[in-house]
Protein chains: 2
Amino acid sequence: MPKSEPPSKPYHHGDLRAALLRNAVEAITELGVAETSVREVARRTGVTHAAAAYHFGDRGGLLTAVATEGYRKLGAALTAAQASTENFLEVGVAYVAFSIDHPAHFDVMYQPGLYHHDDPDLLAAKADTATLLYGSREADDRQVALGVAAWSLVHGLATLWRNENLPAQLGDDPLEITRLVAHHLRVDPRD
Amino acid sequence: MPKSEPPSKPYHHGDLRAALLRNAVEAITELGVAETSVREVARRTGVTHAAAAYHFGDRGGLLTAVATEGYRKLGAALTAAQASTENFLEVGVAYVAFSIDHPAHFDVMYQPGLYHHDDPDLLAAKADTATLLYGSREADDRQVALGVAAWSLVHGLATLWRNENLPAQLGDDPLEITRLVAHHLRVDPRD
DNA sequence: AGCCTGTCTTTCCGATGGAAAGATTCCGCT
DNA sequence: AGCGGAATCTTTCCATCGGAAAGACAGGCT
């Protein structure tokens with residue numbers, strides 16, 4: 001018997017879908033989203049652009065897959081951070097770290113105009129991550145507001161950093177800047 | 001004598017550059033940046049796409065103009081807000097208001113991959129706005145960190161709102177949400 | 001063996017961004 | 001006046017892109 005490959009090797013290529021996705025992320029990292037074409041991704045994978053269309057439908061479908069993978073990776077990173085420390089702040093640092101470690105995913109995720117924002121898988125992954133970020137639906141408004149404040153802060157910081165909109169005065173280590181800036185977050189509003 | 005038109009009507013069209021810019025913003029507002037082509041903008045203006053190329057060089061040049069105008073409008077809005085209230089928080093609200101009143105500008109501004117991020121005019125407008133946001137270069141680190149915290153918070157909030165990444169629990173008025181969330185910003189760190 | 005579904009290629013189309021060259025209008029200079 | 005050149009816009013052309021449609025091909029099922 002042929003020892004069954006890990007997830008069972010499908011048809012011709014092996015796992016074209018995964019390969020295309022990987023090369024898409026690679027291309028976006030190198031060229032940026034705007035400059036990354038379906039054909040370029042297909043070229044890197046050694047296939048025709050129609051092969052990509054078969055697996056993802058259209059360009060939006062390909063980017064939807066990237067965004068979905070991004071939300072999953074983000075969720076995993078945040079979960080890991082929460083598990084490794086009891087410091088609330090370090091989860092925010094992990095968020096910024098994600099934006100730097102996975103710039104392609106991050107860019108695509110926050111440009112819904114590029115993908116199918118109503119894709120079921122995408123929505124599920126997004127919802128999971130959202131729950132991680134500002135607690136479950138049971139939390140009271142104040143708790144949610146704090147979560148949103150924290151998420152907004154690190155998200156804004158991450159995007160502004162990527163766009164070089166931050167003053168050089170605070171140094172060049174985004175993670176340190178995050179710790180510095182997050183200090184201004186008040187965790188216990190008493191009004 | 002023909003009463004001199006406002007800023008003096010130049011050559012053929014009148015003021016093609018301004019008209020193209022206006023229609024570009026309009027198109028982006030309606031279709032999104034990704035779906036807005038140079039040709040579409042030219043079409044709306046009643047001109048060939050090459051005419052747009054003459055004034056802006058390429059697509060990136062057109063979007064550079066949009067981003068530059070965006071930074072100028074943002075600067076004006078923030079200045080006006082600072083003048084009309086002594087409440088620091090309301091300036092942040094004005095920032096979010098800008099992102100809602102001028103979605104096209106806002107979108108383009110924070111996607112440097114789409115335009116010429118080293119354009120002199122762009123850089124100048126961006127620097128002016130930056131000065132408005134976290135004070136002049138003379139401020140001490142703590143002051144700057146607070147400015148960055150505040151800007152990050154409202155910027156993150158604005159983008160997350162636009163992408164529908166905020167929990168519905170806090171209502172549907174982004175300005176009110178801003179006030180609610182900004183409460184969690186500590187203005188006087190004493191450590 | 002023979003069909004059938006899943007996978008990928010070939011081919012074609014309209015639209016796009018950009019380059020190049022031509023036409024037209026205006027403006028300064030004499 | 002009018003002439004020449006610069007500014008403005010159009011025409012034309014090309015490579016590339018996203019997408020649709022139909023064909024080729026492989027592996028599994030009966």
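Quick note on labels: first sequence line is chain A, next is B, and so on, each numbered from 1.
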Self-check item: For A/Phe106, all residues meeting ring-ring contact (aromatic ring centres under 6.0 Å, His included), sequence neighbours excluded
Solution: A/Tyr110, A/His155

Practice problem: Tell me, please, which residues at least two apart from B/Phe56 pass ring-ring contact (aromatic ring centres under 6.0 Å, His included). | Solution: none

Self-check item: Strand-adjacent residues in residues 34-44 of chain B, judged by heavy atoms under 4.0 Å from DNA chain C
Solution: B/Ser37, B/Val38, B/Arg39, B/Arg43

Practice problem: In whole angstrom, give the distance that lies between atom CG of A/Leu16 and atom C1' of C/dT9. | Solution: 12 Å

Self-check item: Results of side chain to side chain donor-acceptor pair (under 3.5 Å) for B/Asp101 - residues two or more places apart only
Solution: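 Per chain and number, B/Asp101 pairs via side chain to side chain donor-acceptor pair (under 3.5 Å) with no residue.
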
Quiz item: Who pairs with B/His102 by side chain to side chain donor-acceptor pair (under 3.5 Å), at least two apart in sequence or on another chain?
Solution: none

With sequence neighbours left out, what residues match [X] under salt bridge (charged side-chain N to carboxylate O under 4.0 Å, His left out)?
{"X": "B/Glu90", "answer": "B/Arg179"}
{"X": "B/Glu26", "answer": "B/Arg44"}
{"X": "B/Arg22", "answer": "none"}
{"X": "A/Arg162", "answer": "A/Asp107"}

Practice problem: Kindly state which residues belonging to residues 104-116 of chain A come within less than 4.0 angstrom of DNA chain D, counting heavy atoms of the residue only, listed by number. | Solution: none

Self-check item: Residues touching DNA chain D, which here means a heavy atom under 4.0 Å, drawn from residues 53-63 of chain A
Solution: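 A/Asp58, A/Arg59 - these, ordered by number, are the residues of the stretch whose heavy atoms sit under 4.0 Å from the strand.
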
Quiz prompt | Pairs flagged by side chain to side chain donor-acceptor pair (under 3.5 Å) wherever residues 51-61 of chain A is involved - sequence neighbours left out | solution =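 For residues 51-61 of chain A, and leaving out neighbouring residues, the side chain to side chain donor-acceptor pair (under 3.5 Å) pairs sorted by first residue read A/Asp58-A/His116.
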
Quiz item: Quick one: the side chain of A/His49 and the base of D/dG19, do they pair up donor-acceptor inside 3.5 Å?
Solution: yes

Practice problem: Compare the minimum distances between each of D/dA20, C/dA20, C/dG18 and the side chain of B/Ala50, then state the nucleotide with the smallest one. | Solution: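 The answer is C/dA20.
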
Quiz item: Quick one: do A/Glu69 and A/Arg72 make a salt bridge, cutoff under 4.0 Å?
Solution: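 Here A/Glu69 does not pair with A/Arg72 in a salt bridge, since their nearest N and O are not under 4.0 Å apart.
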
